[in-house]
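Reminder, nothing fancy here: chain letters follow the sequence lines and each chain counts from 1.
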2 protein chains.
Amino acid sequence: MLTDKAPAGLQDHLGYWLRLVSNHVSAAFARRLDGQGVTVAEWVMLRELHGAAPLPPSRLADRMGMTRGAISKLADRLLDKGLLARTADPDDGRAHTLSLTDAGCVLVPTLARLADQNEAEFFAILTAAEKEAVEAALRRVVAHRGLTGMPVS
Amino acid sequence: MLTDKAPAGLQDHLGYWLRLVSNHVSAAFARRLDGQGVTVAEWVMLRELHGAAPLPPSRLADRMGMTRGAISKLADRLLDKGLLARTADPDDGRAHTLSLTDAGCVLVPTLARLADQNEAEFFAILTAAEKEAVEAALRRVVAHRGLTGMPVS
DNA sequence: GACGGCTAGTTTCCTTGTCAACAAGGAGGA
DNA sequence: TCCTCCTTGTTGACAAGGAAACTAGCCGTC
């Protein structure tokens, strides 16, 4: 064979386990949300707007780690579902703001409950101390590398 | 406002931090791979085939957590790049097997080095004990929930 | 040996994201 | 004022994966 000696296996990387678990958590959550006719990205946007002042799309793009183009289309879909409103900024002719409709506001707590269930179900085997330790470690990585804006996919 | 009391924030969920870090690790790795003209999914397939017997696409689909359709197209792309060979099974007229070309074999260690660098750079702030703890916790989640087949995206 | 059902891979269509081009509006300087 | 440059949001072309239809080949049963 034309190979060097075998390199480190995928499973030797922390990144592998992170992604394995993370993807499964997301996939399971997506299945739950599916029953409510909502995607994960839509949930994130709804959550981002819930209980907050109306936000311009560009701000959401930053916070959600997506491009403005993606936000624009995502907003369109939520608009079609009647969960979101798009309002022109009276002061700046270019700007718009996005906010939840009443239906959107009502829906969020339901979805949040699904998120809680998903979280609980997945990490049930871990003790509180373990969860704390993992979260603390991840927070340190985030802080140290200045990570910001969750890429939705 | 028409809301319940505010639900738990996204950042109160372990899943949030998992995905935030995981996505950034993947994105950073993708940028590194980009210099080699390879995507993350392609890397995973190459890695999966490296130093192993030729595998049928269906087997890769299981191991990589993708559909057979996706594997089919992914294999096409790697074929075009000359990194992979598709061979008809002489015993079973339906079956094929995928294996690395010499070029593919040669490339994998280079990519593996990039993966190692990425891993090291991201988790440099964590002590060995912390990394161990996180990995152990994640492994327990995986074992307990019977997670298998890393969904590539 | 032919037929109904299975299995392996591929292909088609749909979704959802990125990137780049674009239109429209604002802001500042000559 | 008018010109230039920047910013905001949208749109169109493309990429990549999932679901399901489709093709081809196997296999057990009659």
Side-chain angles (χ1 to χ4, degrees), chain A residues 19 23-24 26-31 33-34 37-46 54-81 84-99 149-153, chain B residues 19 23-24 26-31 33-34 37-46 54-81 84-99 149-153:
Chain A
R19 193 156 108 212
N23 284 348
H24 277 283
S26 289
F29 186 40
R31 276 192 295 277
L33 285 178
D34 201 43
V38 170
T39 69
V40 173
E42 287 166 5
W43 148 251
V44 174
M45 182 176 274
L46 293 175
L55 287 177
S58 49
R59 195 129 183 57
L60 276 168
D62 289 343
R63 300 182 51 126
M64 295 179 60
M66 294 169 64
T67 61
R68 286 170 311 170
I71 295 292
S72 189
K73 296 172 208 175
L74 185 47
D76 284 344
R77 283 181 308 234
L78 285 171
L79 220 103
D80 287 345
K81 295 184 186 176
L84 195 118
R86 187 186 262 136
T87 315
D89 183 326
D91 297 341
D92 184 338
R94 301 164 293 179
H96 289 234
T97 61
L98 300 174
S99 53
M150 155 102 73
V152 159
S153 71
Chain B
R19 192 155 112 212
N23 284 348
H24 277 282
S26 289
F29 186 40
R31 276 192 297 277
L33 285 178
D34 202 43
V38 170
T39 69
V40 173
E42 288 167 5
W43 148 252
V44 174
M45 181 176 275
L46 293 175
L55 288 176
S58 51
R59 196 133 178 53
L60 276 169
D62 289 343
R63 299 180 53 122
M64 295 179 60
M66 294 170 65
T67 62
R68 288 169 314 174
I71 294 292
S72 189
K73 297 173 221 171
L74 187 46
D76 284 345
R77 287 186 309 254
L78 286 172
L79 221 103
D80 286 346
K81 296 184 185 175
L84 195 115
R86 186 185 264 136
T87 315
D89 184 327
D91 297 341
D92 184 337
R94 302 163 294 180
H96 289 236
T97 61
L98 300 173
S99 54
M150 154 103 74
V152 160
S153 71

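- Residues that satisfy the side chain to side chain donor-acceptor pair (under 3.5 Å) test with A:Ser26, not counting sequence neighbours, are B:Arg19.
- A sub-4.0 Å separation between OP1 or OP2 of C:dT18 and a side-chain N or O of A:Thr67 is present.
- With sequence neighbours left out, the side chain to side chain donor-acceptor pair (under 3.5 Å) criterion links A:Arg77 to no other residue.
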Task: Protein-to-nucleotide contact annotation, 5' to 3' order, nucleotides 1-10 of chain C [B base; S sugar-phosphate only; - none; under 4.0 Å, heavy atom] - done: ------BBBB
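- As rounded to whole Å, 10 Å separates atom C1' of C:dT18 from atom CE of A:Met66.
- Per the geometry, CG belonging to B:Asp91 stands 10 Å off P belonging to D:dC26, to the nearest Å.
- Between the P atom of D:dA16 and the CG atom of B:Leu33 lies a distance of 13 Å, rounded to the nearest Å.
- A straight line from NZ of B:Lys81 to C1' of D:dA15 spans 12 Å, rounded to a whole angstrom.
- In this structure, A:Leu98 and A:Leu55 have side chains that are not in contact, with every pair of non-hydrogen atoms separated by 4.5 Å or more.
- Listed by chain and number, the residues in a salt bridge (Lys or Arg N to Asp or Glu O under 4.0 Å) with B:Asp34 amount to none (sequence neighbours excluded).
- When the P atom of D:dG9 is taken as reference, atom CG of A:Leu74 falls 14 Å away, rounded to whole Å.
- Rounded to whole Å, atom P of C:dC19 lies 11 Å from atom CZ of B:Arg31.
- Legend: residues meeting side chain to side chain donor-acceptor pair (under 3.5 Å) with A:Lys73, ordered by chain and number and at least two apart, are absent.
- Summarising the geometry, the separation between CG on A:Asn23 and P on D:dA16 is reported as 18 Å, rounded to the nearest angstrom.
- Annotation: side-chain contact (heavy atoms from CB on, under 4.5 Å) contacts of A:Asp92 (sequence neighbours excluded): A:Asp89, A:Arg94, A:Ala95.
- For the pair A:Asp80 CG and C:dT16 P, the interatomic distance rounds to 12 Å; values are reported in whole Å.
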